[in-house]
Amino acid sequence: MILMVVFGLVAILGLAAVFTTIKKRNFLGFIFAAGSAVVFGWFTVMTIIDSGFPVAH
């Protein structure tokens, strides 16, 4: 459960970084920020689907 929360926070911060890099026209930063947001967001969503929320034992 804690890991899902941490991954969710990282995904949200990655989305914030995506908008910041678009505004500053930093394309390499955009690639890394978008990649991390997608990967950590995917981990969060799949953990919720697989384990349920709250976590089912």
Side-chain angles (χ1 to χ4, degrees):
M1 173 99 172
I2 299 296
L3 187 63
M4 181 187 64
V5 171
V6 172
F7 281 168
L9 290 174
V10 171
I12 291 169
L13 290 174
L15 285 176
V18 165
F19 292 121
T20 303
T21 56
I22 288 173
K23 190 166 74 170
K24 293 184 179 181
R25 292 185 170 184
N26 182 0
F27 297 113
L28 185 61
F30 171 76
I31 292 170
F32 283 110
S36 66
V38 167
V39 168
F40 283 105
W42 179 256
F43 286 159
T44 304
V45 169
M46 291 310 293
T47 303
I48 290 171
I49 290 172
D50 184 48
S51 299
F53 187 79
V55 177
H57 294 282

Do [X] and [Y] share a hydrophobic cluster (ILVMFWY, side-chain heavy atoms under 4.5 Å, transitive)?
X: V38; Y: V18; result: no
X: W42; Y: L15; result: no
X: F27; Y: F32; result: no
X: F7; Y: M46; result: yes

Problem set entry | Nearest heavy atoms of A11 and G41, plus distance in Å |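 Answer, listing the atom of A11 first, then G41: CB-N, 3.6 Å.
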For this session: Quick one: closest heavy-atom pair of I48 and M4, and the distance?
Result: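 Scanning both residues completely, I find the closest heavy atoms to be CG1-SD, 3.1 Å.
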Problem set entry | Rounded distance (nearest 0.5 Å) linking atom CZ of F30 with atom CZ of F19 | 9.5 Å
For this session: Measure the spacing between OG1 of T44 and CG of L3 and express it to the nearest 0.5 Å.
Result: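 Going from OG1 on T44 over to CG on L3, the span is 8.0 Å.
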